[in-house]
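Notes follow the structure.
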2 protein chains.
Amino acid sequence: MKLPTICPKFEKAISLLSQRWTALIIYQLLMGPQRFNEIQTSIGISGKVLSDRLKDLESQDIIKREVIPETPVIIEYSLTEKGQSMESILKEIENWSQAWIKPDSKLLED
Amino acid sequence: MKLPTICPKFEKAISLLSQRWTALIIYQLLMGPQRFNEIQTSIGISGKVLSDRLKDLESQDIIKREVIPETPVIIEYSLTEKGQSMESILKEIENWSQAWIKPDSKLLED
DNA sequence: AAACTTACTTACATAAAGTAACTTACTTAA
DNA sequence: TTAAGTAAGTTACTTTATGTAAGTAAGTTT
């Protein structure tokens, strides 16, 4: 019986990025602070899951939630320094995808 | 009504990495070819899901499955060139995790 | 022959995600 | 000044994904 022996920090990072939608949310926020509905429509996530993820990411200090007291109130999500620092990861993924993912044929080639 | 407008290649890469276990499997295989049970015990994944993932990754040409006709037969999984090329992504994640993830307190600090 | 190993698969249970409708507070159009 | 709309969620319910444990087939070791 052997126990998994991967660095716990690495594992934590992986489990963060392996959660559906997290990477995409961070990616969106790299373009600047955004509101709930903007994020939702731009990545096509359900309100429920977005709400979960935002709480989760906030608790991990990756994003911050700001209440801007305009009327009506505006709630703005943005990256913290820690969140910003993930840009390098997202860029690597982007580069890799451009180099290696082939555009998906719509299965229409007859 | 606005449609999500993220680059499909990037999205595909993200959805690949957002699948639980995929990143960890690739990470393991970066250390060299491995057999089913080795992967399973090293990352602590269930046989069922590992089996699913390996098929999936094989179909995406990220890993290859080789039957080595020893007796008994050995089945070895290894990265393809495409799979190997993901090393940069995994390394970025590793670096980031070292810099930004704090070791998780075991909740034991009294 | 009985027990063990490898590489899986199957059946069933639980957790995560999706869908759609609802809420509360404020706003604009009729 | 009521009716409908927007923003930021939440709730209830369904579907999908993952986990757990046991089973299988081929070969091995005792």
Side-chain angles (χ1 to χ4, degrees), chain A residues 1-4 6 11-12 14-29 32-60 62-79, chain B residues 1-4 6 11-12 14-29 32-60 62-79:
Chain A
M1 213 194 287
K2 203 199 288 180
L3 294 177
I6 294 170
E11 258 206 274
K12 216 172 164 187
I14 287 289
S15 84
L16 173 68
L17 289 166
S18 295
Q19 254 197 341
R20 204 168 184 176
W21 301 111
T22 17
L24 238 34
I25 292 169
I26 295 164
Y27 183 75
Q28 270 299 312
L29 292 178
Q34 280 172 58
R35 303 171 68 172
F36 194 94
N37 284 316
E38 288 182 274
I39 302 174
Q40 201 183 335
T41 62
S42 64
I43 67 179
I45 188 180
S46 76
K48 189 190 73 158
V49 179
L50 180 55
S51 174
D52 283 358
R53 287 295 178 280
L54 291 172
K55 277 175 199 156
D56 215 79
L57 290 170
E58 201 191 349
S59 81
Q60 291 179 74
I62 287 168
I63 64 173
K64 57 174 174 296
R65 177 183 191 272
E66 270 181 290
V67 180
I68 301 171
E70 312 277 315
T71 50
V73 91
I74 288 177
I75 294 170
E76 197 176 73
Y77 293 93
S78 58
L79 295 173
Chain B
M1 213 192 289
K2 203 198 286 179
L3 294 177
I6 294 170
E11 257 206 277
K12 216 172 165 187
I14 287 289
S15 83
L16 173 67
L17 289 165
S18 295
Q19 253 197 342
R20 204 167 184 181
W21 301 112
T22 17
L24 237 34
I25 291 169
I26 295 164
Y27 183 74
Q28 271 298 313
L29 292 179
Q34 280 172 59
R35 303 173 66 175
F36 193 93
N37 284 316
E38 287 182 275
I39 302 173
Q40 201 182 337
T41 63
S42 64
I43 67 179
I45 188 181
S46 76
K48 189 189 73 157
V49 180
L50 179 54
S51 173
D52 283 357
R53 286 296 178 279
L54 291 173
K55 277 174 198 157
D56 216 78
L57 290 169
E58 202 192 347
S59 81
Q60 291 179 74
I62 286 168
I63 64 174
K64 57 173 174 296
R65 179 183 190 272
E66 269 182 290
V67 180
I68 301 172
E70 313 275 315
T71 51
V73 91
I74 289 176
I75 294 169
E76 198 176 74
Y77 293 93
S78 58
L79 295 172

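Every value quoted in this text rests on a predicted model; they were computed, and no experiment measured them.
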>> When you measure from the side chain of B:Gln34 to the backbone of B:Gln28, do you find a donor-acceptor pair of N or O atoms at a distance under 3.5 Å?
In response: yes
> Using a heavy-atom distance cut-off of less than 4.0 Å, which residues of residues 50-59 of chain A contact DNA chain D?
Replying inline: A:Ser51, A:Lys55
>> List the residues meeting ring-ring contact (aromatic ring centres under 6.0 Å, His included) with B:Tyr27, not counting sequence neighbours, and say none if there are none.
In response: A:Phe10
Separation between [atom1] of [X] and [atom2] of [Y], rounded to the nearest 0.5 Å:
{"X": "B:Arg53", "Y": "B:Leu16", "atom1": "CZ", "atom2": "CG", "result": "9.5 Å"}
{"X": "A:Glu76", "Y": "A:Lys64", "atom1": "CD", "atom2": "NZ", "result": "9.0 Å"}
{"X": "B:Ile26", "Y": "B:Leu79", "atom1": "CD1", "atom2": "CG", "result": "7.0 Å"}
{"X": "A:Leu50", "Y": "A:Phe36", "atom1": "CG", "atom2": "CZ", "result": "4.0 Å"}
{"X": "B:Ile45", "Y": "B:Ile39", "atom1": "CD1", "atom2": "CD1", "result": "9.0 Å"}
{"X": "A:Leu24", "Y": "A:Leu17", "atom1": "CG", "atom2": "CG", "result": "11.5 Å"}

>> Please compare A:Ser18 and A:Pro72 by the position of their nearest nucleotide in DNA chain C and report the one closer to 5'.
In response: A:Ser18
> Relative to the 5' end of DNA chain C, which residue comes earlier, A:Thr71 or B:Val73, by the nucleotide with the nearest heavy atom?
Replying inline: B:Val73
In whole Å, I'd like the distance from the [atom1] atom of [X] to the [atom2] atom of [N].
{"X": "B:Gln40", "N": "C:dC8", "atom1": "CD", "atom2": "C1'", "answer": "9 Å"}
{"X": "A:Ile75", "N": "C:dA25", "atom1": "CD1", "atom2": "P", "answer": "13 Å"}
{"X": "B:Gln19", "N": "C:dA15", "atom1": "CD", "atom2": "P", "answer": "21 Å"}

>> If you define the side chain from C-beta out and look only at heavy atoms, does anything of A:Val49 sit under 4.5 Å from A:Arg20?
In response: no
>> Is any side-chain heavy atom of B:Asn37 closer than 4.5 Å to one of B:Arg35?
In response: no
> Can you pull the contact range of chain B along DNA chain D, 5' to 3', using atoms under 4.0 angstrom from its heavy atoms?
Replying inline: D:dT18 to D:dT28
> In degrees, rounded to 10°, what is the bend between the two ends of the helix from C:dA1-D:dT30 to C:dA30-D:dT1, using five pairs at each?
Replying inline: 10°
> side-chain hydrogen bond (donor to acceptor under 3.5 Å, both in side chains) with A:Asp52: which residues, sequence neighbours excluded?
Replying inline: none
Protein and nucleotides 18-24 of chain C: nitrogen or oxygen contacts under 3.5 angstrom:
| residue | atom | partner | partner atom | Å |
| --- | --- | --- | --- | --- |
| C:dG18 | OP1 | A:Trp21 | NE1 | 3.4 |
| C:dG18 | OP2 | A:Trp21 | NE1 | 3.1 |
| C:dG18 | N7 | A:Lys48 | NZ | 3.2 |
| C:dG18 | O6 | A:Lys48 | NZ | 2.8 |

> Of all heavy-atom pairs between A:Val73 and A:Pro69, which one has the smallest distance, and what is that distance?
Replying inline: CG2-CA, 4.1 Å
> How close do A:Glu66 and A:Ser78 get, heavy atom to heavy atom, and via which atoms?
Replying inline: OE1-OG, 4.3 Å
